[in-house]
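Written out below as structure tokens is the structure these notes cover.
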Amino acid sequence: MTKPQDKLRGWAAARRAILSGLRFTSLRLRLVVVFGLVALTAAVSASGIAYWLNREAVLTRTQDAVLRDFQQEMQNRAGILPTNPTQGELQHTAGQMAASSQRFSVLLVAEDESGRTLVGNSGALDPFSLEDVPESLRTAVGKEQSITSNNKSPYHLYWQRIIDGDKPYLVAGTKVIGGGPAGYMLKSLEPEEKDLNSLAWSLGIATGLALIGSALLAQAAATTVLKPVQRLGIAARRLGEGKLDTRLLVSGTDELADLARTFNHTAEALEKRVADMSARDEASRRFVADMSHELRTPLTAITAVTEILEEELDAETGSVDPMIEPAVRLVVSETLRLNSLVENLMEVTRFDAGTARLVLDNVDIADQITACMDARAWLDAVELDAERGIMSLLDPRRLDVILANLIGNALKHGGSPVRVSVCASDNGDGGGDLLIEVQDNGPGIPEDVLPHVFDRFYKASASRPRSEGSGLGLSIALENAHIHGGEITAANSPKGGAVFTLRLPRDPSALTETPAEPDGANGDGESA
């Protein structure tokens with residue numbers, strides 16, 4: 001059985017849902033509603049005042065004419081009756097009074113010589129009787145007033161508007177001075193009511209027409225005001241999409257025209273600023289690329305020499321002077337470091353220029369990780385937790401770069417043992433994600449360093465700017481993950497040590513497809 005409280009809560013929830021659905025989300029709708037409310041308020045107020053004034057004027061005019069005629073008839077006809085008239089005299093006089101131009105019913109009340117109350121009606125078929133007169137009106141008519149300087153008559157004329165059924169009437173009464181009969185009058189106000197109803201209908205129609213006109217006017221005003229705003233919004237969206245040549249056609253001298261001019265000036269300044277920044281960025285990328293290419297030629301010769309020196313160091317003959325052996329080893333290691341730095345810089349410039357491309361191949365992830373560690377003699381230092389047979393479509397060279405950086409970073413800055421684990425998800429249509437975690441057993445990454453571990457040239461210790469790394473490895477690994485449509489995150493394990501998680505889609509082939517150029521991409525010509 002449903003409780004009343006549950007019904008009330010359900011009704012309140014439904015009401016909230018309806019009100020939330022009626023929220024004004026359109027400025028045009030709000031303008032139309034506001035215009036309509038203002039027009040409706042003005043029209044209803046004007047119509048109400050006009051109706052009230054006309055109603056009072058019509059009723060007062062009719063009432064004054066009827067009361068004046070009734071009072072005159074009381075003086076001219078009822079005033080000549082004897083003090084104790086007969087039934088016939090009352091009936092005849094009432095009929096004469098009712099025949100006046102105002103056409104009202106008359107009721108005369110008097111006492112005969114024996115003190116019996118007599119009532120004279122204006123007609124045998126006239127429904128007007130003494131019971132139709134309100135008790136308060138009869139009391140006021142029969143009450144004799146004291147004669148004072150401000151009151152010259154002991155009896156006065158009293159009137160009252162009544163409703164009998166659904167029909168309005170005017171009832172009035174007075175008494176003849178000097179002991180004559182009391183007279184009552186009943187006048188139907190139905191013709192005046194019909195006139196007032198017609199006036200109300202006319203005013204209602206006028207109010208409706210005013211509301212419709214205000215809605216049309218609001219629609220026109222909203223179109224005039226909101227069309228430039230809408231165009232400005234479209235232009236702003238195009239600007240946000242990178243179409244910096246978007247401009248608005250300015251016409252007029254109003255506030256909207258000033259807004260359009262401001263938008264054009266802002267867009268022009270933004271386009272110039274972006275062009276300058278792009279030019280400087282392009283120049284920087286070109287400089288790094290040219291520098292890297294220029295360094296490769298002398299580095300090739302230097303590398304050849306250092307290889308010979310390294311062979312001499314490892315030779316059993318010991319042809320290298322022991323005094324210069326540390327210097328030779330330093331030259332060899334720094335040459336290798338410089339070679340790695342140049343290769344990394346060239347890779348970075350390819351990412352920045354957007355020329356890096358995927359060369360996809362379907363590979364076994366476990367075999368790929370094993371090959372990466374074997375090539376760098378890491379098999380004894382790394383634990384691999386990966387099932388064979390997990391196949392993914394990816395770029396083997398770029399995955400090798402990612403793994404080499406993550407595992408090498410863990411071995412260099414973390415603690416042994418380093419553990420690499422692999423898991424994969426399959427959504428049933430060949431898609432899904434590949435997750436590779438590289439966890440070390442070191443002290444972890446400081447909290448202030450975590451947000452910057454993938455920044456270029458970032459070194460956790462500012463006091464050791466010359467470390468073996470260039471500060472580009474993790475950045476390049478992240479770029480290689482991004483080009484696959486994946487991501488790398490760094491965190492600290494609750495059990496200790498740092499954890500790098502590589503997430504790659506198992507089928508990134510959609511990233512290698514060239515999207516079609518949209519038609520009509522020109523942003524000029526918007527008007528305001």
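- Note on Asp276 versus Arg273: no salt bridge recorded, every NZ/NE/NH1/NH2 to OD/OE distance being 4.0 Å or above.
- Counting heavy atoms from C-beta outward, Glu89 and Pro82 have side chains that approach closer than 4.5 Å.
- Minimum interatomic distance between Asp395 and His484 (heavy atoms only, all atoms of both residues): N-NE2, 3.1 Å.
- The shortest heavy-atom contact between Leu360 and Pro508 is CD2-CG, 4.0 Å.
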With side chain to side chain contact (heavy atoms under 4.5 Å, CB included) as the criterion, how do Val44 and Thr207 come out once you've worked through the C-alpha distance, each side chain's angles and the decisive distance to 0.1 Å? CA-CA 6 Å; Val44 168; Thr207 301; 4.0 Å; yes

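- Looking at heavy atoms from C-beta onward, Val229 lies out of side-chain contact with Leu259 at the 4.5 angstrom threshold.
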Side chain to side chain donor-acceptor pair (under 3.5 Å) assessment of Thr117 paired with Glu111: CA-CA 4 Å; Thr117 300; Glu111 293 182 354; 4.7 Å; no

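- Between the side chains of Gln439 and Ser493, at least one donor N or O lies within less than 3.5 Å of an accepting N or O.
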Between Asn492 and Val499, does a side chain to side chain contact (heavy atoms under 4.5 Å, CB included) hold up when you go through it step by step? CA-CA 6 Å; Asn492 289 316; Val499 180; over 6 Å; no

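- Side-chain contact check for Val119 versus Leu107: some heavy-atom pair is nearer than 4.5 Å.
- Side-chain contact between Leu108 and Met74 is present, with heavy atoms from C-beta onward closer than 4.5 Å.
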Gln87/Asp112 under side chain to side chain contact (heavy atoms under 4.5 Å, CB included): CA gap, chis, key distance, verdict: CA-CA 8 Å; Gln87 176 73 35; Asp112 60 9; over 6 Å; no

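- In plain terms, the two heavy atoms of Glu192 and Leu59 that are nearest each other are CB-CD2, 4.3 Å.
- With contacts defined as side-chain heavy-atom distances shorter than 4.5 Å, the pair Leu196/Glu193 does not qualify.
- Of the charged side-chain nitrogens involved, none lies within less than 4.0 Å of a carboxylate oxygen, so that Glu56 and Arg61 do not count as a salt-bridged pair.
- When all heavy atoms of Ala490 and Val453 are compared, the pair lying nearest together is CB-CG2, 3.9 Å.
- Considering Val176, Thr86, Thr93 as possible partners of Leu81, the one that fulfils the side-chain contact (heavy atoms from CB on, under 4.5 Å) test is Thr93.
- Checked by atom type and distance alone, the side chain of Arg161 never pairs as donor or acceptor with a backbone atom of Val171 at under 3.5 Å.
- Contact check for Phe128 versus Val106: no side-chain heavy atoms found under the 4.5 Å cut-off.
- Salt-bridge formation is not detected for the pair Arg238/Glu241: no Lys NZ or Arg NE/NH1/NH2 atom is positioned less than 4.0 Å from an Asp or Glu carboxylate oxygen.
- Counting heavy-atom neighbours within 6.0 Å of Gln72 CD, excluding the residue itself, gives a total of 12 or less.
- Residues His156 and Lys175 are not in side-chain contact: their nearest non-hydrogen atoms beyond the backbone lie 4.5 Å or more apart.
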Step by step, work out the side chain to side chain contact (heavy atoms under 4.5 Å, CB included) result for Leu199 and Tyr51. CA-CA 7 Å; Leu199 176 63; Tyr51 178 79; 4.3 Å; yes

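- When every heavy atom of Leu399 is checked against every heavy atom of Leu502, the shortest pair comes out as CD1-CD2, 4.1 Å.
- Taking both residues in full, the closest heavy atoms of Leu90 and Gly120 are given as CB-CA, 3.9 Å, listed atom of the first, atom of the second, then distance.
- Between Cys423 atom SG and Leu434 atom CG the span is 7.5 Å, to the nearest 0.5 Å.
- With a 4.5 Å cut-off on side-chain heavy atoms, Ile436 and Arg503 do not count as touching.
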